[in-house]
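Have a look at the structure below, then the notes.
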2 protein chains.
Amino acid sequence: MSDKLQQTFAGHGLRCTKQRRAIFQALSTCRCHPTADELHRLVKEQDADLSLATVYNTLEAFCCAGLAYKLACCGGNGSTRYDTGGEDHLHLRCRKTGKLTDAPDDLGKRILEHLPKELIDELQERIGFEVNKVQVDLVGEFKKNPCQS
Amino acid sequence: MSDKLQQTFAGHGLRCTKQRRAIFQALSTCRCHPTADELHRLVKEQDADLSLATVYNTLEAFCCAGLAYKLACCGGNGSTRYDTGGEDHLHLRCRKTGKLTDAPDDLGKRILEHLPKELIDELQERIGFEVNKVQVDLVGEFKKNPCQS
DNA sequence: TTTCCTGCAAAAGCTTTGCAAGTAC
DNA sequence: GTACTTGCAAAGCTTTTGCAGGAAA
């Protein structure tokens, strides 16, 4: 059933281990942009032994392979947050608390649709930078308090 | 001559000290998104004593006041990079090296102009998030190598 | 069987903090 | 004079690394 995952890994030159499976699934399921530490706890809860060092090593491998991305961290305690390469979405980052939240799907999508593909292509050609992912963060401040909950 | 700076500080409830002046000027002059450590060295070169802890404290104060921003760090050695609240610009972030570069001004500006203000306003109203700054990062990989120089 | 991955523990960085002395207001 | 800042050094975090044992291909 997770043959698909195995193929994904293989396609990127990664071996398929129990730990990597678990980490990848946790990361792609969890919509909360977990830190390495949070992933570690998440996986250990449902599964078994897993060392924090392995989480870091694995995430590094995923990032190199393009299966995951580091997000604008810059928040709270300064630990890096990760995300799978899923659909681009818009982040809201609170300047004061460092909290990172996703914008409502529809609005985020509509805003991102306005990014001019042709200009990005021009940029790619002009300076030789291949764009894999567009990350848009709105930095500001929550006035009410819908920060997750 | 730097009365202006003093007023800026005062307007945000910050006292104006020699160190803060120096840090702010270095940060706004330097186009390279320095880390706290780089700023520390920068200021010490031209000026005088300055403790690294003060750089951190000061940057934290600036960020709270909205005079500076933490950028998507996530790169290289993992230290946070800072920027003044100047004009929005587009960042290119290399997935492999973590290098952070600015897009050419004209292209960056043209891309950012396409962001739909009305949708961002809608977002502000709908979820009570006040946007101070839009940070767009293109994550990818340099094919040639114009990473700075 | 070979090469890569994991786990442990220790090391290396970055950032924050407590406190006494100094400075802006 | 009072309240906020600074500098120092130490503590607290997150992340990386070396190495021996284990697992994937």
>> Holding to salt bridge (charged side-chain N to carboxylate O under 4.0 Å, His left out), I want the full list of residues that pass it with B/Asp105, two or more places apart in sequence or in another chain.
In response: B/Arg31
> Does A/Glu122 have any salt bridge (charged side-chain N to carboxylate O under 4.0 Å, His left out) partners at least two apart in sequence or in another chain, and if so, which?
Replying inline: A/Arg126, B/Arg110
>> Which residue in the set B/Val43, B/Leu50, B/Asp49 passes side-chain contact (heavy atoms from CB on, under 4.5 Å) when paired with B/Gln19?
In response: B/Leu50
>> At under 4.0 Å between heavy atoms, how does the protein contact nucleotides 20-25 of chain D? Give one character per nucleotide, 5' to 3', with B, S or -.
In response: ---BBS
> Across the strands shown, which category fits A/Asn57 at heavy-atom distances under 4.0 angstrom: base, sugar-phosphate, nothing?
Replying inline: base
>> If you compare every side-chain N and O of B/Gln19 against the phosphate oxygens of C/dT23 (OP1, OP2), does one of them come in below 4.0 Å?
In response: no
> Does A/Thr58 put a side-chain nitrogen or oxygen below 4.0 Å from OP1 or OP2 of C/dT6?
Replying inline: yes
>> Just the rounded figure in Å: distance from C1' of C/dG22 to CG of B/Leu50.
In response: 15 Å
> Taking for each residue the nucleotide of DNA chain C bearing the nearest heavy atom, is the 5' side occupied by B/Asp37 or by A/Gly13?
Replying inline: A/Gly13
> Among all residues two or more places apart in sequence or in another chain, which pass the side-chain contact (heavy atoms from CB on, under 4.5 Å) test with B/Asn57?
Replying inline: none
> Shortest non-hydrogen contact from B/Val55 to B/Ile23?
Replying inline: CA-CD1, 3.9 Å
> Is the shortest side-chain N/O distance from A/Ser79 to OP1 or OP2 of D/dC13 below 4.0 Å?
Replying inline: no
> For A/Ala53, what residues pass the side-chain contact (heavy atoms from CB on, under 4.5 Å) criterion, not counting sequence neighbours?
Replying inline: A/Ser51
>> Going by the rule salt bridge (charged side-chain N to carboxylate O under 4.0 Å, His left out), which residues pair with A/Asp37 if we only count those two or more places apart in sequence or in a different chain?
In response: A/Arg41
>> Under the rule for side-chain contact (heavy atoms from CB on, under 4.5 Å), what residues qualify as partners of B/Asn132, not counting sequence neighbours?
In response: A/Arg95, B/Tyr69, B/Glu130
>> Output the rounded distance in Å from CG (B/Leu52) to P (D/dT5).
In response: 18 Å
> Which heavy atom of B/Gln135 sits nearest a heavy atom of A/Val139, and at what distance?
Replying inline: OE1-CG2, 4.1 Å
> A/His40 has an atom NE2; how far is it from atom P of D/dC13, in whole Å?
Replying inline: 17 Å
Please list, for nucleotides 9-11 of chain C, all pairs of protein and nucleotide N/O atoms separated by less than 3.5 Å.
none

>> From OH of B/Tyr56 over to C1' of D/dC13, roughly how many Å is that when rounded to an integer?
In response: 12 Å
> Nearest-Å distance, CG (B/Leu39) to P (C/dT15)?
Replying inline: 11 Å
>> Please report the distance, rounded to the nearest Å, between CZ in B/Arg21 and C1' in C/dT23.
In response: 13 Å
> Taking the side chain of B/Thr54 as heavy atoms from C-beta outward, which of D/dT16, D/dG7, C/dT6 is closest to it?
Replying inline: D/dG7
>> According to ring pair (Phe, Tyr, Trp, His ring centres under 6.0 Å), who are the partners of A/Tyr82, at least two apart in sequence or on a separate chain?
In response: none
>> Let me test you: for the helix from C/dT1-D/dA25 to C/dC25-D/dG1, what is the angle between the axes at its two ends (five pairs each), rounded to 10 degrees?
In response: 50°
> Excluding sequence neighbours, so at least two apart, what forms ring pair (Phe, Tyr, Trp, His ring centres under 6.0 Å) with A/His40?
Replying inline: none
> For the pair made of NZ in A/Lys44 and C1' in C/dC8, what is the distance, rounded to whole Å?
Replying inline: 12 Å
> Who passes side-chain contact (heavy atoms from CB on, under 4.5 Å) against B/Ala10, sequence neighbours left out?
Replying inline: none
>> If I take atom CG in residue A/Asp49 and atom P in nucleotide C/dT6, what distance separates them, rounded to the nearest angstrom?
In response: 13 Å
